[in-house]
> 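The structure is given below, and queries will be raised subsequently.
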Amino acid sequence: MPIERRPLREQVKDELLERLARGEFVAGEPVNEVHLAAELGVSRTPLREAMITLEREGIITSERGKGFRFALLSAQEFRDLTTIVAAMESLALELSDPGHLRDIAPRLLAEARAFNAPQAPYDVIERYDDAWHDLLLSGCRNERLMDLITSLKLTMHRYERLAVGDQDVLERTAEEHERIAECLLGGSVEEAAVALRHNWTSGMERILERLQA
């Protein structure tokens with residue numbers, strides 16, 4: 001793992017979330033702490049601290065004498081996660097510098113129109129969507145809020161990848177990102193935040209159709 005100026009437990013947590021999003025852990029199976037710590041090149045202390053944090057967030061469960069396990073998938077949890085991320089991203093947008101939003105609005109609109117396919121493989125949609133939302137919120141200076149959003153979105157990707165599959169073609173509403181950008185071009189951050197929440201809700205329903213099938 002690369003060395004960063006952050007507590008080791010936070011680096012380990014992020015690495016676990018990345019691997020979870022890539023489908024490298026099986027829900028419900030016990031975590032082999034000794035093997036995983038050796039694989040990550042850390043002691044069991046920061047690994048255990050990271051897993052305790054993930055347990056508080058509902059991503060990992062534990063039982064006395066049985067250790068940690070990654071939580072099973074739940075349609076309700078995915079709905080809850082999406083609702084939280086939608087609210088957090090809307091707040092981050094509202095906290096962003098208005099001048100910065102005006103500056104990036106033309107680029108947001110151009111990129112939304114450039115990727116206007118009504119259907120695309122999920123892995124393509126995921127990369128585009130993450131990059132577009134990162135640009136949208138690039139003016140938010142509340143680092144703690146942005147860290148929380150990033151962490152929760154990694155957990156959501158776990159659901160999306162397992163429900164859909166990287167190469168599965170998924171429907172998407174290309175106009176939703178255009179609408180957000182157009183609101184910003186018009187100078188209405190409030191309307192853009194409403195459109196952003198709608199974007200998340202719409203995407204959630206499309207994933208839930210697959211997850212509950």
Side-chain angles (χ1 to χ4, degrees), residues 1-82 84-85 88-89 92 120-135 137-138 142-170 203-204 207-208 210-211:
M1 296 173 60
I3 301 299
E4 300 180 25
R5 294 184 179 278
R6 290 191 301 147
L8 189 54
R9 62 180 179 275
E10 293 184 10
Q11 297 180 54
V12 172
K13 175 189 172 185
D14 289 348
E15 178 67 17
L16 293 177
L17 286 171
E18 288 282 1
R19 293 186 179 206
L20 186 62
R22 294 196 298 266
E24 295 183 17
F25 298 117
V26 178
E29 286 195 0
V31 177
N32 186 323
E33 293 182 46
V34 175
H35 174 78
L36 186 54
E39 187 177 331
L40 295 174
V42 299
S43 70
R44 291 181 64 184
T45 298
L47 174 60
R48 180 167 285 270
E49 290 174 345
M51 290 195 294
I52 289 172
T53 301
L54 291 173
E55 183 180 19
R56 294 194 192 104
E57 297 175 5
I59 298 166
I60 282 179
T61 61
S62 68
E63 296 181 43
R64 180 172 295 180
K66 295 185 179 180
F68 293 96
R69 300 171 186 267
F70 285 97
L72 296 172
L73 298 181
S74 159
Q76 184 58 51
E77 184 189 27
F78 180 70
R79 188 182 296 277
D80 291 345
L81 286 168
T82 305
I84 294 169
V85 171
M88 284 185 168
E89 282 212 348
Y122 170 71
D123 62 335
V124 175
I125 292 176
E126 181 188 77
R127 289 195 301 273
Y128 158 77
D129 200 68
D130 283 349
W132 195 89
H133 281 254
D134 285 347
L135 175 61
L137 303 181
S138 59
N142 188 319
E143 295 183 3
R144 182 57 176 160
L145 174 60
M146 296 306 299
D147 286 345
L148 289 170
I149 290 172
T150 298
S151 177
L152 289 173
K153 286 174 75 170
L154 285 171
T155 307
M156 289 176 62
H157 285 336
R158 168 202 182 200
Y159 276 86
E160 294 162 353
R161 286 171 180 264
L162 292 176
V164 181
D166 282 354
Q167 299 305 313
D168 286 5
V169 172
L170 188 68
M204 175 188 69
I207 295 295
L208 281 174
R210 298 290 191 99
L211 190 62

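In this text the structure is predicted, and so the values were computed from the model without any measurement.
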> Start with the C-alpha distance between L17 and T150, add both sets of side-chain angles, then the distance that settles side-chain contact (heavy atoms from CB on, under 4.5 Å), and finish with yes or no.
CA-CA 10 Å; L17 286 171; T150 298; over 6 Å; no

> Measuring only between side-chain heavy atoms, which start at C-beta, is H157 closer than 4.5 Å to D130?
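They are in side-chain contact.
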
> In the structure I gave you, are the side-chain heavy atoms of M88 and M146 within less than 4.5 Å of one another anywhere?
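No, too far: nothing below the 4.5 Å cut-off.
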
> Answer yes or no: is there a side-chain heavy-atom contact under 4.5 Å between E18 and E24?
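No, too far: nothing below the 4.5 Å cut-off.
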
> Say you draw a straight line from CG of L81 to CD of Q76; how long is it, rounded to the nearest 0.5 Å?
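Going from CG on L81 over to CD on Q76, the span is 10.0 Å.
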
> Which heavy atom of A50 sits nearest a heavy atom of K13, and at what distance?
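So the two residues come closest at CB-N, 3.7 Å.
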
> Could you grab the distance from atom OG1 of T53 to atom CG of L16, nearest 0.5 Å is fine?
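So the gap between those two atoms works out to 10.5 Å.
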
> Under the side-chain contact (heavy atoms from CB on, under 4.5 Å) criterion, do R19 and E39 qualify, and how do the steps go?
CA-CA 12 Å; R19 293 186 179 206; E39 187 177 331; 2.5 Å; yes

> So, for L208 and A75, which heavy atoms are closest and what is the spacing to 0.1 Å?
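Looking at all heavy atoms of both residues, the shortest contact is CD2-O, 3.7 Å.
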
> For T82 and F78, indicate whether the former's side chain and the latter's backbone hold a donor-acceptor pair under 3.5 Å.
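It does hold such a pair.
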
> Within this structure, what is the CD1-CD distance for the pair I84 and E77, rounded to the nearest 0.5 Å?
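I84 atom CD1 to E77 atom CD measures 9.0 Å (nearest 0.5 Å).
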
> Just wondering, do D123 and Y128 contact through their side chains at under 4.5 Å, heavy atoms?
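The answer is no; the side chains never approach within 4.5 Å.
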
> Which atom names give the shortest non-hydrogen contact between V31 and F70, and what distance separates them?
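It is CG2-CE1, 3.7 Å.
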
> How far does CG of L148 sit from CD of E89, to the nearest 0.5 angstrom?
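Reported value, rounded in 0.5 Å steps: 12.5 Å.
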
> Please check this pair: side chain of R69 against backbone of G28, looking for a donor-acceptor N/O pair closer than 3.5 Å.
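Yes, because the side chain of R69 sits within donor-acceptor range (under 3.5 Å) of the backbone of G28.
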
> Please name the pair of heavy atoms, one in I125 and one in A120, separated by the smallest distance, quoted to 0.1 Å.
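Minimum heavy-atom contact is CD1-O, 3.5 Å.
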
> If you take all heavy atoms of N32 and H35, which pair is closest and at what distance?
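It is OD1-N, 3.0 Å.
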
> Testing L40, I52, L8 one by one against L47 for a side-chain contact (heavy atoms from CB on, under 4.5 Å), which residue passes?
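Passing option: L40.
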
> Please report the interatomic distance CD(E49) to CD(E10), rounded to the nearest 0.5 Å.
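Going from the CD atom of E49 to the CD atom of E10 covers 10.5 Å.
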
> Salt bridge between E55 and R48, side-chain N to carboxylate O under 4.0 Å?
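A salt bridge is absent here (no side-chain N lies under 4.0 Å from a carboxylate O).
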
> How about L54 and T155: do any of their side-chain heavy atoms sit closer than 4.5 Å?
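A side-chain contact under 4.5 Å is absent here.
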
